[in-house]
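Data block below; observations after.
Here is how names work: the chains are called A, B, and so on, in the same order as the sequence lines, proteins then strands, and each is numbered from 1. None of these values were measured; they are calculated from a predicted model.
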Protein chains: 2
Amino acid sequence: MGRKAKDFDEEQILFENYLRSAGLRRTEQRDLILRTFLDVGDHITSEDLYRLVSEKDPTVGLTTVYRTLKLLTTAGLAQEVRFGDNKTYYEKLHSDEHHDHMICTSCGLVIEFYSPDIEALQDEMAASFGFEATHHSLRLWGYCAKCKGSAGKLTNAPPGAEPRVRVKSGRTVVR
Amino acid sequence: MGRKAKDFDEEQILFENYLRSAGLRRTEQRDLILRTFLDVGDHITSEDLYRLVSEKDPTVGLTTVYRTLKLLTTAGLAQEVRFGDNKTYYEKLHSDEHHDHMICTSCGLVIEFYSPDIEALQDEMAASFGFEATHHSLRLWGYCAKCKGSAGKLTNAPPGAEPRVRVKSGRTVVR
DNA sequence: TTGATTGCAAAGCATTTGCATGCTA
DNA sequence: TAGCATGCAAATGCTTTGCAATCAA
């Protein structure tokens with residue numbers, strides 16, 4: 001909701017074209033999963049998307065969500081991301097723009113950012129190795145403005161305790 | 001082999017200091033695992049390191065390797081890396097220098113590179129969000145010079161087939 | 001002595017696969 | 001119809017945990 005129907009159509013069509021060209025079939029499940037996925041603001045796991053899809057159609061299986069998300073990735077409509085909590089997230093892939101992430105290891109906040117300068121340097125770097133980059137991923141971990149210096153930083157963990165990355169469920173996204 | 005004893009000592013001491021400060025104990029297993037890990041040129045999985053350690057002392061368990069690698073990560077001597085084959089690799093962390101990766105999705109080649117300019121831009125970017133970055137990861141996927149344009153690119157996969165990242169075991173590292 | 005460490009087996013988790021049934025093209 | 005897609009249950013594969021025995025400090 002809040003999205004123009006036109007946007008959906010565009011991605012819907014891209015997906016249809018992909019399916020057709022790959023000799024695959026269009027199904028109600030795939031349509032529903034794609035629509036639900038497009039409605040999600042930021043990153044989402046297969047499991048969570050499955051929950052959302054279930055609300056609309058409880059008969060759709062988790063396996064199908066997994067498979068469809070992989071399909072969308074291959075179709076170029078989605079991209080896998082990992083933040084360090086051992087889960088695979090998927091986010092919409094906009095052919096035009098790209099963004100990277102900063103992940104707060106204290107509160108789990110995820111900040112999306114974009115730097116044309118960094119992108120340019122990456123291309124330059126790749127070229128110098130004769131490497132043809134198709135996609136990339138840049139993540140910065142650390143402490144967000146709020147957690148920086150605050151008590152949340154080391155909490156009551158013993159000195160030297162394992163500062164493992166743990167992405168909270170209440171993760172928010174800043175753009 | 002090929003390493004100066006001095007180098008080992010340096011890391012050994014860092015580890016000892018870490019253990020002491022964290023109230024943990026130094027054991028033969030941990031020493032052996034650290035030494036074996038330092039001897040490895042590039043990235044290695046817990047499983048593979050376990051195999052190497054086993055050659056020297058077959059009584060050491062896989063669990064201990066897993067635990068020690070996590071310990072080394074916390075101690076700042078190792079870092080986790082993922083290339084897309086769903087495995088966790090560990091690589092030595094040099095406090096002074098840092099490097100990023102280009103991964104060939106066709107042959108599995110991993111190229112390590114370093115760009116002070118990119119690093120600088122990252123810091124700049126983080127600062128602009130009031131973010132204090134502790135570490136980061138930049139990976140570029142694509143085709144290396146050898147695979148680029150060559151037959152290996154699409155092989156005999158059907159059009160639209162899933163171009164999954166698959167890091168070959170015969171992975172090499174270029175520095 | 002005391003509590004950290006180890007190794008084994010068992011448990012966990014996210015993800016994938018086998019297969020009979022259902023449906024698209 | 002043909003054969004791709006689905007959903008379920010079972011299987012995977014990597015990683016972690018429980019626990020009794022062992023060992024460092």
Side-chain angles (χ1 to χ4, degrees), chain A residues 15-34 43-51 53-54 57-75 80-90 158 160-162 164-167 169, chain B residues 15-34 43-51 53-54 57-74 80-90 158-162 164-167 169:
Chain A
F15 191 41
E16 276 177 55
N17 288 341
Y18 167 73
L19 290 176
R20 201 175 359 260
S21 74
L24 303 176
R25 289 168 186 173
R26 184 181 174 188
T27 66
E28 269 183 37
Q29 289 92 330
R30 286 175 178 172
D31 274 3
L32 174 60
I33 293 169
L34 172 58
H43 338 279
I44 193 167
T45 62
S46 299
E47 185 84 39
D48 287 341
L49 183 58
Y50 164 67
R51 258 176 232 125
V53 168
S54 292
D57 182 348
T59 70
V60 175
L62 173 59
T63 308
T64 303
V65 175
Y66 265 96
R67 290 195 269 229
T68 305
L69 241 13
K70 282 227 174 287
L71 221 50
L72 291 176
T73 301
T74 317
E80 300 190 346
V81 220
R82 286 186 158 254
F83 297 125
D85 62 346
N86 249 42
K87 281 180 186 165
T88 303
Y89 292 82
Y90 286 85
E162 198 141 354
R164 304 276 291 289
V165 174
R166 204 169 297 282
V167 176
S169 51
Chain B
F15 191 41
E16 278 177 52
N17 287 341
Y18 167 73
L19 290 176
R20 203 177 356 262
S21 74
L24 304 175
R25 288 170 187 173
R26 185 180 173 189
T27 66
E28 269 182 38
Q29 289 91 330
R30 286 176 178 171
D31 273 3
L32 175 60
I33 292 169
L34 172 57
H43 338 279
I44 193 166
T45 61
S46 299
E47 186 83 38
D48 287 341
L49 182 58
Y50 164 68
R51 257 174 232 128
V53 168
S54 293
D57 181 349
T59 70
V60 176
L62 172 60
T63 309
T64 304
V65 175
Y66 265 98
R67 289 194 271 228
T68 304
L69 241 14
K70 283 230 172 286
L71 220 50
L72 291 176
T73 302
T74 318
E80 300 190 346
V81 222
R82 288 187 156 253
F83 297 125
D85 61 346
N86 249 41
K87 280 181 187 164
T88 303
Y89 292 82
Y90 286 86
E162 198 140 354
R164 303 275 292 289
V165 174
R166 202 168 301 280
V167 176
S169 50

Tell me what Thr45(B) touches on the nucleic acid: a base, only sugar-phosphate, or nothing, going by heavy atoms under 4.0 Å.
nothing

Atom-to-atom span, CG of Asn86(B) to P of dT16(C) - whole angstrom
7 Å

Taking salt bridge (Lys or Arg N to Asp or Glu O under 4.0 Å) as the definition, give me every residue that meets it alongside Asp48(B), ordered by chain and number, with sequence neighbours left out.
Arg51(B)

Within the structure, does a side-chain N or O atom of Lys70(B) lie under 4.0 Å from either OP1 or OP2 of dT16(D)?
yes

Leu32(B) CG to dT5(C) C1': how many Å, rounded?
15 Å

Between N or O atoms, less than 3.5 Å apart, protein on one side and nucleotides 6-9 of chain D on the other: list the pairs.
residue : atom : partner  : partner atom : Å
dT6(D)  : OP1  : Thr27(A) : OG1          : 2.9
dT6(D)  : O3'  : Gln29(A) : NE2          : 3.2
dG7(D)  : OP1  : Thr59(A) : O            : 2.9
dG7(D)  : OP1  : Gly61(A) : N            : 3.4
dG7(D)  : OP2  : Gly61(A) : N            : 3.0
dG7(D)  : OP2  : Thr64(A) : OG1          : 2.2
dG7(D)  : N7   : Arg67(A) : NH2          : 2.7
dG7(D)  : O6   : Arg67(A) : NH2          : 3.3

In whole angstroms, how far is the C1' atom of dT15(C) from the OH atom of Tyr90(A)?
9 Å

Rounded interatomic separation in angstrom, taking CG from Asp57(B) and C1' from dG7(C):
12 Å

Partner residues of Glu16(B) under the side chain to side chain contact (heavy atoms under 4.5 Å, CB included) criterion, sequence neighbours left out
Gln12(B), Arg20(B), Arg26(B)

So, is Lys87(B) near the phosphate of dT15(D), with a side-chain N or O under 4.0 Å from OP1 or OP2?
no

What residues form a side-chain hydrogen bond (donor to acceptor under 3.5 Å, both in side chains) with Arg67(A), not counting sequence neighbours?
none

Could you tell me how the ring of Phe83(B) sits relative to the ring of His43(B): parallel (under 30°), tilted (30 to 60°) or perpendicular (over 60°)?
perpendicular

Could you give the CG-to-P distance, from Leu71(A) to dT16(C), as a whole number of Å?
13 Å

Would you please name every residue forming a side-chain hydrogen bond (donor to acceptor under 3.5 Å, both in side chains) with Thr63(B), sequence neighbours left out?
none

By side-chain hydrogen bond (donor to acceptor under 3.5 Å, both in side chains), Ser54(B) pairs with (sequence neighbours left out) none

Measure the angle between the two terminal helix axes of the helix from dT1(C)-dA25(D) to dA25(C)-dT1(D), five base pairs each, and quote it to 10°.
40°

Between dG7(C) (C1') and Ile33(B) (CD1): distance, integer Å:
12 Å

Whole-Å gap separating P (dT5(C)) and CZ (Arg20(B))
14 Å

The criterion is side-chain hydrogen bond (donor to acceptor under 3.5 Å, both in side chains); which residues satisfy it with Thr73(A), sequence neighbours excluded?
none

Sequence neighbours excluded, which residues qualify as side chain to side chain contact (heavy atoms under 4.5 Å, CB included) partners of Thr88(B)?
Glu80(B), Arg82(B), Tyr90(B)

Would you classify Ser46(A) as touching base, sugar-phosphate or nothing, given that sugar-phosphate means primed atoms plus P, OP1 and OP2, and contacts are heavy atoms under 4.0 Å?
nothing

On DNA chain D, check which nucleotide each of Arg26(B) and Tyr66(B) is closest to and give me the residue with the more 5' one.
Tyr66(B)

Quick check: do Tyr89(B) and Ile44(B) have side-chain heavy atoms less than 4.5 Å from each other?
no

Send over the distance from Asp85(B) CG to dT15(D) P, rounded to a whole Å.
10 Å

